[in-house]
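Reading through the structure tokens given below for one structure.
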Amino acid sequence: MRSAIANRTISLTVLVVAVAAAAGLAVWKHTVTLAASAPQPTPRAEPVNTVLRACPAPGLTGASAAQVALITGPASTGSGRALVTRVSVAARGAPLASLTRPGVLSVTAVRPAPAPANGKKRAPAHSATPSATPSPPVATVPVPGGTVIQATGAMARGLEAEQVSDGGRAAERCAGPGTDFWFAGPGVPTAPHIQVFLMNVSAQPADVTVQAFTDTGPLQGSADTGVAVTPHSMVTQSLDKMLHGARLVALQVRTSVGQVVAAVRETYSGHTGAWLPVSAAPSTRIVIPGMPAASGTRQLFLAVPGTSVAHITLNAITAKGSYRPTGGAGLDIPGGSVAQVSLSSLSGIYGALVVSSTVPVTASLMVPGGQHGAPGAFTAAAPAIQEQGMVAANVTGKSAASSLVLSAPWRGARVRLTEIGTDSGQGKAASGSVLVIRAHRSVMRQLLTPDGSRHGSAFAVVVTPLPGSGPVYAGRVITTGGRGGAVESILPVPSALTVVPLPPVQGTLVTRGG
């Protein structure tokens, strides 16, 4: 009898709870649908329709003439336009070039911007710095020059651009706007002149902070905060005084408002110097591609931005396999500092360096060479190629040679290489060749002018990982004096996306008005 009463009591309780829940939902007046157990849809992607790139060197007042080399993905279809103009609205005038043919390499000459009227220069503005800093405020000087590329439609898909020196050599990649940039390299004793260039190519003002790390730790109070960069302008800062005595340096350029394109130039003599490549964001495992076959000690610059000690090991990915180079183990670097590692055992060996660390780090690599006035030729930590990689300006002839160094640090890889030439504006593409890279190996491929193109003319190269390929890292190397000559520039091969993957939607809670 008690059992029956208990069962009826439980049933009545369940009924009351159910009625209360229904009443609550009725008061809420919404229908609830829970889709957490639904299968994940196939990831979607949208085509790239707008791209901005900016180059600091072409058009600088007082500099020699320069060029901008531009290429879009050869598979791009449809209409589009890429406008090459000066960064400054006041100095723009007519576009330097208006390009409408996807997959065709174009090279646009950029004359130096005229000096201000009557030879007068705008007075430098001093950016705000913390009161505790032992260094004087860093002057921010507006400068004419710089080039911006605005691409839409098919001309934005797979776009890549490089600034080319007056000697016809690619000097640096033209980067896109961002909020966080990293650079690492030698300090003032090796490169007495260190300049930061900040370009704002949008209509929104930008507020920038430049933080310096050195071999003795972060410069106390050295964060150069509140650097204002007005829309459509370029400013520069000389860090010579701020970094006085620093043997090694790493710079973090970040924005609190807006976006900029940041570039850093190091010079020990002359006016050309070296543009430091942007290093990948700090991570516990980074890859530095494009180590050339030229002889000479490699200098590795490691930056540890956090507060913890970094325990670091190095692995060289070479033609003969992966191994730990001499001096590549047992490296302990204090947090907030920069260290230099000399790797003489890698002289004459091409490949890539894998840096593994217990805390996030970033790095760059310097080899003997570089353009006039440069402390060396640089490459830096870079991500693996996604979809396709592009290098826009290559030259192979009597006085120069271009080559690709491709590395597969973990799994084997297969890539297709396609050269795209230009003669009188007519793009000509050679048939693609497939290159196999064994796991834990690197290969070097000499780049040749495509068939049908004028010998010695500029040409672009597309690197396309094939389905099932392992991660591929690549760097383009230009040497002077032909094969085996001095290294003039190294450029990590960036990804040139034609589509942007969209993340799949997982569990969702949907409400509808009742």
Would you check if the side chain of Ser88 reaches a backbone N or O of Pro144 as a donor-acceptor pair within less than 3.5 Å? no
When every non-hydrogen atom of Ala393 is compared with those of Ile478, the smallest separation belongs to O-CD1, 4.2 Å
Once the angle between the rings of Phe301 and Phe378 is folded into 0 to 90°, is it parallel (under 30°), tilted (30 to 60°) or perpendicular (over 60°)? tilted
Go through the side-chain N and O atoms of Thr147 and Gln163 and say whether any donor and acceptor fall under 3.5 Å apart. no
Heavy-atom donor-acceptor pair, Ser364 side chain to Ala184 backbone, under 3.5 Å: yes
Restricting to salt bridge (Lys or Arg N to Asp or Glu O under 4.0 Å), what partner residues turn up for Arg298, sequence neighbours left out? none
Could you check whether Thr179 and Gln259, counting side-chain N and O atoms only, form a donor-acceptor pair closer than 3.5 Å? no
Does any donor atom in the side chain of Thr214 or Thr216 lie under 3.5 Å from an acceptor atom in the other side chain? yes
Pair Met291-Thr379, side chain to side chain contact (heavy atoms under 4.5 Å, CB included): steps then yes or no: CA-CA 8 Å; Met291 187 169 64; Thr379 181; 5.9 Å; no
Heavy-atom nearest pair, Pro186 first then Val249, reads O-CG1, 3.5 Å
Hey, mind stepping through Gln237 and Thr140 against side chain to side chain donor-acceptor pair (under 3.5 Å) and telling me if it holds? CA-CA 5 Å; Gln237 291 185 319; Thr140 301; 3.0 Å; yes
Side chains of Gln299 and Gln340 only: does a donor on one sit below 3.5 Å from an acceptor on the other? yes
Ser402 and Arg476 side chains, donor-acceptor separation under 3.5 Å: no
Heavy-atom pair with the smallest gap, counting every atom of Arg111 and Arg86: O-NH2, 2.8 Å
Could you state the interatomic distance from CG (Asn394) to CD1 (Ile71), rounded to the nearest 0.5 Å? 10.5 Å
One should read off an interatomic distance between Asn200 CG and Thr255 OG1, to the nearest 0.5 angstrom, of 9.5 Å
What distance do Arg53 atom CZ and Ile149 atom CD1 have between them, rounded to the nearest 0.5 Å? 8.0 Å
Under 3.5 Å donor-acceptor, Thr72 side chain and Met155 backbone: no
With a 4.5 Å cut-off on side-chain heavy atoms, are Val201 and Gln150 touching? no
Asp207 and Val227: side chain to side chain contact (heavy atoms under 4.5 Å, CB included), yes or no, with the steps? CA-CA 6 Å; Asp207 192 79; Val227 182; over 6 Å; no
Closest heavy-atom contact between Ala352 and Val287? CB-CG1, 4.2 Å
So, taking the atom named CG in Leu198 and the one named CZ in Phe181, what distance separates them when rounded to the nearest 0.5 Å? 9.0 Å
When every non-hydrogen atom of Pro282 is compared with those of Pro305, the smallest separation belongs to CG-CG, 3.8 Å
For Tyr350, what residues pass the ring pair (Phe, Tyr, Trp, His ring centres under 6.0 Å) criterion, not counting sequence neighbours? none
Side chain Ser347, main chain Ser295, donor-acceptor under 3.5 Å: no
